[in-house]
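We use all heavy atoms of the structure for the numbers below, so side chains are in, but hydrogens, waters and symmetry mates are not.
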Amino acid sequence: MNTIYDDKNFFESYARMARSKDGLEAAGEWHQLRPLFPPLQGKSVLDLGCGYGWHCKYAAAQGAAYVLGLDLSLQMIEEACKRNSSPEITYRFSGAYRPQTAPHPNADTDGDHKRGIYPCTYRGGSAP
């Protein structure tokens, strides 16, 4: 599935934005959003549409035990891996159109489900 972020010209323009270069501190809304975050120490965090992974990096820096960043743009995932890698962070090229409500047959029920992470069914094209 291609997204606007997979368009070369759009991605190059996005990369020049202050928030893309300098992270959360350069995002105008960050100073209003940061106080809304609960304590993340020891928590599992899911970041849908993680982009460059700035929120994932923040969560890891705040002590999150596990952070999963998902994005539908492979370019964004590649950038997140380059810019904001950490042992606590996993990035996946994936969407979350239909999260499973029951354990997936291939899931590690002692690992993924204990952390509250359920496999998502990704289907190319548009969401139903």
Requested in this report: Quick one: do Tyr14 and Met76 satisfy side-chain contact (heavy atoms from CB on, under 4.5 Å)? Show the steps, please.
Outcome: CA-CA 10 Å; Tyr14 184 88; Met76 287 295 193; 3.4 Å; yes

Query raised in the report: Would a 4.5 Å heavy-atom cut-off, applied to side chains only, mark Pro39 and Gln41 as touching?
Result: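 Answer no - side chains too far apart.
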
Query raised in the report: Given side chains that start at C-beta, do those of Glu25 and Trp30 come closer than 4.5 Å, heavy atoms only?
Result: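 Heavy-atom side-chain distance check passes, below 4.5 Å.
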
Requested in this report: Under the side-chain contact (heavy atoms from CB on, under 4.5 Å) rule, what do Asn84 and Tyr91 come out as? Steps first, then yes or no, please.
Outcome: CA-CA 10 Å; Asn84 292 305; Tyr91 292 109; 3.5 Å; yes

Requested in this report: With sequence neighbours excluded, tell me which residues meet side chain to side chain donor-acceptor pair (under 3.5 Å) with Ser85.
Outcome: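 Applying side chain to side chain donor-acceptor pair (under 3.5 Å) to Ser85 gives none.
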
Query raised in the report: How many angstroms lie between atom NE2 of His31 and atom CG of Leu24, to the nearest 0.5 angstrom?
Result: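 These two atoms lie 9.5 Å from each other.
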
Query raised in the report: What distance do Thr90 atom OG1 and Leu46 atom CG have between them, rounded to the nearest 0.5 Å?
Result: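 Reported to 0.5 Å precision, the distance equals 11.5 Å.
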
Query raised in the report: Minimum heavy-atom separation for Asp71 to Ser73, with atom names?
Result: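 Reported closest heavy-atom pair: OD1-N, 2.9 Å.
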
Query raised in the report: Looking at Phe37 and Leu33, what are the two nearest heavy atoms and their distance?
Result: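 The pair with the smallest heavy-atom distance is CD1-O, 3.5 Å.
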
Please report, to 0.1 Å, the donor-acceptor pairs under 3.5 Å made by any side chain of residues 47-63, with sequence neighbours excluded.
unit_1	atom_1	unit_2	atom_2	d
Trp54	NE1	Arg19	O	3.3

Query - Verdict with supporting geometry, Val45 and Leu68, side-chain contact (heavy atoms from CB on, under 4.5 Å) - result: CA-CA 6 Å; Val45 175; Leu68 176 61; over 6 Å; no

Query raised in the report: Restricting to pairs with a member in residues 74-83, which pass side-chain hydrogen bond (donor to acceptor under 3.5 Å, both in side chains), not counting sequence neighbours?
Result: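 Sorted pair list: Glu79-Lys82, Glu79-Arg83.
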
Query raised in the report: Are there more than 12 heavy atoms of other residues, nucleotides or ligands under 6.0 Å from atom CD of Glu12?
Result: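 Count over threshold, so yes.
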
Report task. Given side-chain contact (heavy atoms from CB on, under 4.5 Å), test Phe11 with Asp6 step by step and report yes or no. Result -> CA-CA 7 Å; Phe11 191 80; Asp6 294 314; over 6 Å; no

